[in-house]
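First the proteins, then the strands, lettered A, B, ... as listed; each starts at 1. Only this structure's heavy atoms are used, side chains among them; waters, hydrogens and symmetry mates stay out.
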Amino acid sequence: MPELPEVETLCRQLNTVLPGEKILRIEVLDSRLGNMARKRIDSDILFSGTVPAGSGMEKIMMLVGRRVSTVTRKGKGIHIQLDDGLTAALHLRMSGRLLYLAGDVPTPSKIFPYSRMVIGFSSGTLVLIDPRRFATFDVQPEGVAPLLPDDPMKGLPAPRLRKIAAARRRPVKSFLMDQKIIAGIGNIYASEILFAAGIDPRRPACSLTMAEWRKVATATRAILCRAVNCRGTTISDWRDLFGRSGTNQDHLEAYSRQGKPCRRCGGIIERIDQGGRGTWVCSMCQR
DNA sequence: CCCTATGTTCCCAA
DNA sequence: CTTGGGAACATAGG
């Protein structure tokens with residue numbers, strides 16, 4: 001679900017409540033979290049406090065008693081840094097959400113449908129909600145700084161994009177969404193960016209001129225910055241850390257607007273299929 | 001009931 | 001190396 005703007009929103013909000021907070025308890029409610037074995041464990045609360053040896057959950061429980069220093073974003077990943085060097089790396093994938101509640105929550109804390117993990121801090125409680133259970137949570141030791149590609153919030157040099165794309169024939173939309181190339185663009189913003197840049201998402205990445213890559217870079221910054229300022233795009237169930245909807249859905253020009261008039265040229269927005277995902281495009285003015 | 005869709009990413013085979 | 005397809009999962013809608 002969340003792409004860069006939504007994750008950035010969560011990180012900024014987490015940084016208003018978590019730094020300095022001590023982790024008092026962790027409840028893991030989903031056996032898939034923490035790279036555990038596939039098989040489900042038949043218990044409502046899998047682990048809280050002490051864990052069975054060899055369960056694969058020891059790493060997560062190592063967090064208890066440590067204090068948060070800061071929260072950073074790596075692409076669409078949320079990295080909660082502890083003051084002793086450990087990092088709790090959270091990825092929300094398709095349907096993950098985070099909710100922060102002031103104060104404590106009584107155990108057991110299955111207070112919402114699809115609650116998968118509860119982390120109790122000194123003065124608040126963080127809840128991971130994830131219907132589809134794709135979210136991942138992993139504890140990384142100090143010094144594991146994953147090599148990341150360009151972050152689009154820090155500028156995307158058009159010459160670099162053109163150089164990387166030179167040998168790539170795949171559709172430019174899929175190129176933009178490749179997290180190994182650019183970290184953070186997902187299905188909503190890829191459509192929006194290419195609409196703003198006036199480029200057809202089906203074009204092979206290698207076919208774009210330097211001038212077109214400049215348009216893509218400019219559009220990317222504009223689209224993502226606005227989305228961050230709007231605290232994300234709420235299509236159905238995205239909410240920020242405090243449960244509020246974002247407002248960027250009011251600015252969407254392409255995504256989910258099939259059959260509606262293009263606000264730039266009056267053509268009709270169509271929904272096409274690319275790699276099993278929807279893409280929204282105005283064939284009249286995206287070339 | 002069956003088929004398709006959904007904001008992501010990993011793994012595999014061609 | 002690159003790229004497309006399927007899988008991981010839960011639910012809603014036609």
Side-chain angles (χ1 to χ4, degrees), chain A residues 1-11 29-41 73-78 89-98 110 112-117 128-138 146 148-149 152 163-193 201-207 223-224 227-228 230-241 245-249 251-252 254-259 270-280:
Chain A
M1 159 156 83
E3 305 180 32
L4 185 149
E6 289 75 25
V7 176
E8 177 71 18
T9 297
L10 288 175
C11 286
L29 310 169
D30 183 351
S31 60
R32 283 177 55 87
L33 287 168
N35 297 333
M36 284 191 62
R38 291 271 166 77
K39 65 173 190 284
R40 190 169 193 127
I41 291 177
R73 179 180 60 77
K74 304 279 182 216
K76 299 175 194 172
I78 297 170
L90 175 66
H91 199 299
L92 299 172
R93 303 282 183 126
M94 284 293 270
S95 60
R97 288 179 44 191
L98 281 182
K110 232 176 173 176
F112 304 104
Y114 313 115
S115 299
R116 306 299 186 194
M117 182 168 61
L128 170 67
I129 299 165
D130 183 27
R132 293 178 69 180
R133 302 170 63 217
F134 291 150
T136 57
F137 186 72
D138 189 32
L148 261 187
K163 186 172 194 307
I164 299 171
R168 309 290 225 280
R169 301 203 58 78
R170 63 161 147 172
V172 60
K173 186 215 184 193
S174 143
F175 179 88
L176 289 183
M177 289 172 63
D178 189 331
Q179 303 300 301
K180 292 188 292 298
I181 300 172
I182 307 166
I185 298 175
N187 208 37
I188 293 181
Y189 298 110
S191 280
E192 293 300 306
I193 287 164
R202 292 161 286 202
R203 291 259 306 275
C206 58
S207 74
I223 297 284
L224 295 181
V228 169
C230 290
R231 296 181 352 274
T233 300
T234 299
I235 296 296
S236 57
D237 53 6
W238 156 254
R239 296 293 184 279
D240 70 12
L241 188 63
S245 298
T247 59
N248 192 62
Q249 60 278 10
H251 299 291
L252 296 180
Y255 186 86
S256 86
R257 294 197 66 242
Q258 66 270 23
E270 350 162 24
R271 180 198 187 280
I272 62 174
D273 240 65
Q274 286 188 296
R277 330 266 324 264
T279 301
W280 287 263

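Using a 4.0 Å heavy-atom distance criterion, A:D237 is classed as a base contact. No contact: A:G96 has no heavy atom under 4.0 Å from any strand. As judged by a 4.0 angstrom heavy-atom cut-off over every strand, A:P204 is placed among residues making no nucleic acid contact. Across all strands, A:Y255 comes closer than 4.0 Å only to sugar-phosphate atoms, never to a base (heavy-atom distances). If you check every strand for non-hydrogen atoms under 4.0 Å, A:G276 touches sugar and phosphate atoms only. The residue A:S95 sits apart from the nucleic acid: no heavy atom pair falls under 4.0 Å.
OP1 or OP2 of C:dT3 lies within a sub-4.0 Å distance of a side-chain N or O belonging to A:R168. For A:H91 and B:dT9, the shortest distance from a side-chain N or O to OP1 or OP2 is below 4.0 Å. At C:dA12, none of the side-chain N or O atoms of A:R132 fall inside 4.0 Å of OP1 or OP2 (strictly under the cut-off). Between B:dT8 and A:R277, a contact under 4.0 Å exists linking OP1 or OP2 to a side-chain N or O. OP1 or OP2 of C:dT3 has at least one side-chain nitrogen or oxygen of A:R170 nearer than 4.0 Å. For the OP1/OP2 pair of C:dC9 and a distance below 4.0 Å, the side-chain nitrogens and oxygens of A:Y114 include no atom meeting the criterion.
For the atom pair CG of A:D130 and CG of A:L92, the computed distance is 7.5 Å after rounding to the nearest 0.5 Å. Atoms OG1 and CZ, from A:T279 and A:R271 in turn, are 8.0 Å apart once rounded to the nearest 0.5 Å. To the nearest 0.5 Å, the span separating CG on A:L176 from CD1 on A:I185 amounts to 5.0 Å.
Computed from coordinates, the A:K180 NZ to B:dC11 C1' distance equals 11 Å when rounded to whole Å. Distance A:D178 CG to C:dG4 P: 11 Å, rounded to the nearest Å. Taking atom CD1 on A:I181 and atom C1' on B:dT9, their separation rounds to 14 Å, with Å as the unit. Counting to the nearest Å, the C1' atom of C:dT11 and the CG atom of A:D130 are 13 Å from each other. For A:L90 and B:dT9, the CG to C1' distance is 15 Å, given to the nearest whole Å. Here the C1' atom of nucleotide B:dT9 and the CE atom of A:M94 are 10 Å apart, to the nearest Å. Counting to the nearest Å, the C1' atom of B:dT8 and the CG atom of A:L176 are 16 Å from each other. Taking atom CZ on A:R116 and atom P on C:dA8, their separation rounds to 17 Å, with Å as the unit.
At distances below 3.5 Å, not a single donor-acceptor pair connects side-chain atoms of A:Q258 with backbone N or O atoms of A:W280. In this structure a side-chain-to-backbone donor-acceptor pair under 3.5 Å is present from A:R231 to A:S245. Checking side-chain atoms of A:E192 against main-chain N and O of A:A254 turns up a donor-acceptor pair under 3.5 Å.
Closest approach to the A:N187 side chain among B:dT8, C:dG4, B:dT6 is made by B:dT8 (side chain taken as heavy atoms from C-beta onward). Taking only side-chain atoms of A:Q179, from C-beta outward, the nucleotide of B:dT6, B:dT9, C:dT3 with the closest atom is B:dT9. Closest approach to the A:M177 side chain among B:dT8, C:dT3, B:dA5 is made by B:dT8 (side chain taken as heavy atoms from C-beta onward). Here B:dT6 is the nucleotide among C:dC9, B:dT6, C:dG4 with the atom lying nearest to any side-chain atom of A:R271. Nearest nucleotide to the side chain of A:R32, out of C:dT11, C:dA8, C:dG4: C:dA8. For A:F134, whose side chain is taken as the heavy atoms from C-beta onward, the closest listed nucleotide among B:dA5, C:dC9, B:dT9 is C:dC9.
The same atom, P, is picked in C:dG6 and in B:dC3; the two are 15 Å apart, to the nearest Å. One P atom belongs to B:dC11, the other to C:dC9, and the distance between them is 15 Å to the nearest Å.
Nearest approach of A:D178 to A:K180, heavy atoms of both residues: OD1-N, 2.9 Å.
In DNA chain B, consecutive stretches of 3 or more Watson-Crick or G-U wobble pairs with both distances under 3.5 Å are given as paired ranges: B:2-6 with C:10-14, B:8-14 with C:2-8.
The side chain to side chain donor-acceptor pair (under 3.5 Å) test with A:T233 is passed by exactly one of A:W238, A:Y189, A:Y255: A:Y189.
Evaluation of the side-chain contact (heavy atoms from CB on, under 4.5 Å) rule for A:R132 yields A:M94, A:S95, A:F134 as partners, not counting sequence neighbours.
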